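Single-structure report; data block below.
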Amino acid sequence: MTSADIADHLDVESSSLELTKRVSPSWTMRPHIKRSAYHLSKPLKPFATEDIKILLLENVNQTGRDALEAQGYQVTFLKSSLPEDELIQKIRDVHVIGIRSKTKLTARVLQEAKNLIVIGCFCIGTNQVDTGYAAEHGIAVFNSPFSNSRSVAELVIAEIIALARQLADRSNELHKGTWNKVSNGCWEIRGKTLGIIGYGHIGSQLSVLAEAFGMAVIYYDTVNLMAMGTAKQVPTLEALLEGADFVTCHVPELPETKNMIGRKELNSMKNGSYLINASRGSVVDIPALIDAMRTGKIAGAALDVYPSEPAGNGDYFTNDLNHWANDLRSLKNIILTPHIGGSTEEAQSAIGVEVGEALIRYVNEGTTLGAVNMPEVKLRSLTLDEPNHVRVIFIHQNKPGVLREVNKILGDHNVDKQMTDSRGEVAYLMADISDVNVAVIRELYQNLEELSSRIMTRVLY
């Protein structure tokens, strides 16, 4: 198809020499002039670039914002999260939303997001998103499972030392003018045993750091994992609690991890041991921890996460937020931090790059590698010497007979490559089709949209 042929159907943006026109409410033709370089990847766009609307909340790092703005997307940036009703108003016309841990994307919110195709969680966790509802409606969810692992591990090491030496109490006392030089109840960490619950990316890095300080390391996980250094895996949580001087939690928020450390588990720990939680706020029964610290069973604790956390910075950590907050704050040798495990410049920069690039790949190419709620599907990029190709993405219910219906629609065309995969009740199909024109693409799109199994159809050109 020549530029002249396309121009008969499409609007010409003279400033950029790119030819664009909205073919349907959900996709746009965007041909690109062929360059002389051979086999360069062909940029694909689902809309005219300026039509992609992105909402970034919670002060997403500049690296992520820069990557998205470089694509020409319309990026709206806010430093805080939004109350649900206000979020609903903001999300209605956006195609992409980027959040961190405070924003709650519930089914009620997502059902109002009629144009939304993808969610970027600029953090490790995705429990703040109803990922099941998102998948059922063709909305992919991406996160950054590795980028802040080192930052969290270093924080935990710092807290282990601070608890062992009662640093927070001595610092607070001196800030108030009290000189209190004591050694009673203060310890070196060399020779002590660290028990790690959850030996994933954070737990394994922490294991290496702890051994460098001369600690022995034991860990518990639900699957058998190779130990780093001389660490040893123990068969049960109880065995870990009974053997560790310091216990640290690094598990996801799941029904089976709620109150994973409760009264029974605290009673199983060594007398005078220490507890650290930098995973999820639901993992530790905090009223039970308060009681254990008051009796001296637990000598110290560090908490970075809580069952309820404020939506923004301010004087909110009170009993109005969590009914036990004032009791928790009154304890000795307890380190309370506002969910800052991954809050370093290095981690946030890496997260911005990782999630930003994942969003761009999904918007521009349809690639789902790394999605937490979709099948992982990737086709090699189209090249600049394939000017009349189109990429069709069909997200559909995973039930018998759908592929037959889809291939009946695609069968009369030259399908260069095709891949499909399923995950639970959702299936994801990508196909590259050559020798197409505007009429063919419109027909393909409309025919796929009419299938009863359809969740979402996207066409990239």
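Bear in mind that the values here come from a model prediction, so they are computed numbers and not experimental data.
Within 6.0 Å of the CD atom in E345, the count of heavy atoms belonging to other residues, nucleotides or ligands does not exceed 12. For NZ of K258, the number of neighbouring non-hydrogen atoms (other residues, nucleotides, ligands) closer than 6.0 Å is 12 at most. Within a 6.0 Å radius of CD in Q111, other residues, nucleotides and ligands contribute more than 12 heavy atoms. Atom CZ of F213 has 12 or fewer heavy atoms from other residues, nucleotides or ligands within 6.0 Å. More than 12 heavy atoms of other residues, nucleotides or ligands shown are found within 6.0 angstrom of CG on N180. Within a 6.0 Å radius of CD in E242, more than 12 heavy atoms belonging to other residues, nucleotides or ligands are found.
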Subject >> Stepwise side chain to side chain contact (heavy atoms under 4.5 Å, CB included) check, I97 with I54 >> reply: CA-CA 6 Å; I97 185 168; I54 298 180; over 6 Å; no
**OP:** Before giving the answer on side-chain hydrogen bond (donor to acceptor under 3.5 Å, both in side chains), spell out for Q418 and N407 the whole-Å C-alpha distance, their side-chain angles and the decisive distance to 0.1 Å.
**Re:** CA-CA 10 Å; Q418 179 177 329; N407 287 325; 3.2 Å; yes
Subject >> Intermediate values then yes/no, side chain to side chain contact (heavy atoms under 4.5 Å, CB included), I52 and Q71 >> reply: CA-CA 9 Å; I52 296 288; Q71 295 292 312; over 6 Å; no
**OP:** Give the C-alpha distance, both sets of side-chain angles, the deciding distance and a yes or no for side-chain hydrogen bond (donor to acceptor under 3.5 Å, both in side chains) between N271 and K297.
**Re:** CA-CA 5 Å; N271 292 333; K297 174 69 177 181; 2.9 Å; yes
Original post:
Do D130 and K104 pass the salt bridge (Lys or Arg N to Asp or Glu O under 4.0 Å) test, and can you show the C-alpha distance, the side-chain angles, and the key distance before you say yes or no?
Top reply: CA-CA 8 Å; D130 190 333; K104 307 301 181 187; over 6 Å; no
**OP:** Any chance you could lay out the salt bridge (Lys or Arg N to Asp or Glu O under 4.0 Å) test for E154 and R150, step after step, and finish with the verdict?
**Re:** CA-CA 6 Å; E154 288 187 4; R150 178 71 181 198; 2.9 Å; yes
Original post:
Can K79 and E58 be said to form a salt bridge (Lys or Arg N to Asp or Glu O under 4.0 Å), step by step?
Top reply: CA-CA 5 Å; K79 288 189 174 181; E58 302 183 66; over 6 Å; no
Subject >> T337 vs H339, side-chain hydrogen bond (donor to acceptor under 3.5 Å, both in side chains): CA-CA, chis, key distance, verdict >> reply: CA-CA 6 Å; T337 50; H339 205 148; over 6 Å; no
**OP:** Show your reasoning for whether side-chain hydrogen bond (donor to acceptor under 3.5 Å, both in side chains) applies to S144 and E354.
**Re:** CA-CA 6 Å; S144 178; E354 182 178 1; 2.5 Å; yes
**OP:** Check the pair L194, D245 against side chain to side chain contact (heavy atoms under 4.5 Å, CB included), reporting the backbone distance first and the verdict last.
**Re:** CA-CA 6 Å; L194 174 62; D245 300 300; over 6 Å; no
Subject >> CA sep, side-chain torsions, deciding dist, call: M456, I117, side chain to side chain contact (heavy atoms under 4.5 Å, CB included) >> reply: CA-CA 9 Å; M456 182 182 291; I117 61 172; 3.9 Å; yes
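Residues passing the ring-ring contact (aromatic ring centres under 6.0 Å, His included) test with F146 are H201, sequence neighbours excluded. Evaluation of the side-chain hydrogen bond (donor to acceptor under 3.5 Å, both in side chains) rule for R329 yields N326 as partners, not counting sequence neighbours.
No donor-acceptor pair closer than 3.5 Å links the side chain of N61 to the backbone N or O of G352. Proximity of a side-chain donor or acceptor of Q233 to a complementary backbone N or O of V223 within less than 3.5 Å is detected. S171 contributes no side-chain N or O that, together with a main-chain N or O of A168, makes up a donor-acceptor pair within less than 3.5 Å. Using modelled atom types, no side-chain atom of N148 and backbone atom of I124 make a donor-acceptor pair closer than 3.5 Å. A distance-only check finds a donor-acceptor pair linking the side chain of Y306 to the backbone of L303 [under 3.5 Å]. Not a single donor-acceptor pair under 3.5 Å links the side chain of E405 to the backbone N or O of L451. When atom types are taken as modelled, the side chain of N143 and the backbone of C121 share no donor-acceptor pair closer than 3.5 angstrom. Under a 3.5 Å cut-off, the side chain of N115 and the backbone N or O of V94 do not form any donor-acceptor pair. With S204 contributing its side chain and G200 its backbone, the two residues share a donor-acceptor pair below 3.5 Å. A donor-acceptor pair under 3.5 Å is absent between the side-chain atoms of T367 and the main chain of K378, judged by distance alone.
Contact check for I197 versus L240: side-chain heavy atoms found under the 4.5 Å cut-off. The shortest distance between side-chain heavy atoms of I393 and L429 does not fall below 4.5 Å. Counting heavy atoms from C-beta on, the side chains of I202 and Q205 never come closer than 4.5 Å. The closest side-chain heavy-atom distance from T230 to V217 is not below 4.5 Å. Residues N322 and L328 fail the side-chain proximity criterion, which asks for heavy atoms closer than 4.5 Å. Side-chain contact check for V247 versus I276: every heavy-atom pair is 4.5 Å or farther apart. You'll find the side chain of L266 reaches within 4.5 Å of the side chain of L275, heavy atoms only. In this structure the side chain of T131 reaches within 4.5 angstrom of the side chain of V372, judged on heavy atoms.
Taking CE of M215 as the start and CD1 of I157 as the end, the distance is 7.0 Å to the nearest 0.5 Å. To the nearest 0.5 Å, the span separating OH on Y362 from CG on L369 amounts to 12.0 Å. Here the straight-line distance linking atom CG of L55 with atom CG of L78 works out to 6.0 Å at 0.5 Å rounding. Summarising the geometry, atom CH2 belonging to W324 is positioned 9.5 Å from atom CG belonging to L289; distances are rounded to the nearest 0.5 Å. For the atom pair NZ (K53) and CG (D93), the distance works out to 4.5 Å, reported to the nearest 0.5 Å.
Checking S207 against Y199 by side-chain atom types alone, a donor-acceptor pair falls below 3.5 Å. Between S81 and T103, the side chains place no donor N or O within less than 3.5 Å of an acceptor N or O (distance only, hydrogens not considered).
Ion pairing between a basic and an acidic side chain is recognised when a charged N comes within 4.0 Å of a carboxylate O; D291 and R263 show such pairing. For E449 and R454, the salt-bridge test passes: some basic side-chain N is under 4.0 Å from an acidic carboxylate O. Electrostatic pairing of E173 and R170 counts as a salt bridge here, judged by a charged N lying under 4.0 Å from a carboxylate O. Salt bridge annotation for K332-D169: absent, with no cationic side-chain nitrogen under 4.0 angstrom from a carboxylate oxygen.
Applying the salt bridge (charged side-chain N to carboxylate O under 4.0 Å, His left out) test between E84 and each of K90, K102, R108 identifies R108 as the sole match. Just one of V305, N277, N259 meets the side-chain contact (heavy atoms from CB on, under 4.5 Å) condition when paired with V284; it is N277.
Here F394 and Y428 keep their ring centres 6.0 angstrom or further from each other.
Annotation: cation-pi geometry not satisfied between R458 and Y445 (NZ/CZ under 6.0 angstrom from ring centroid, within 45° of ring axis).
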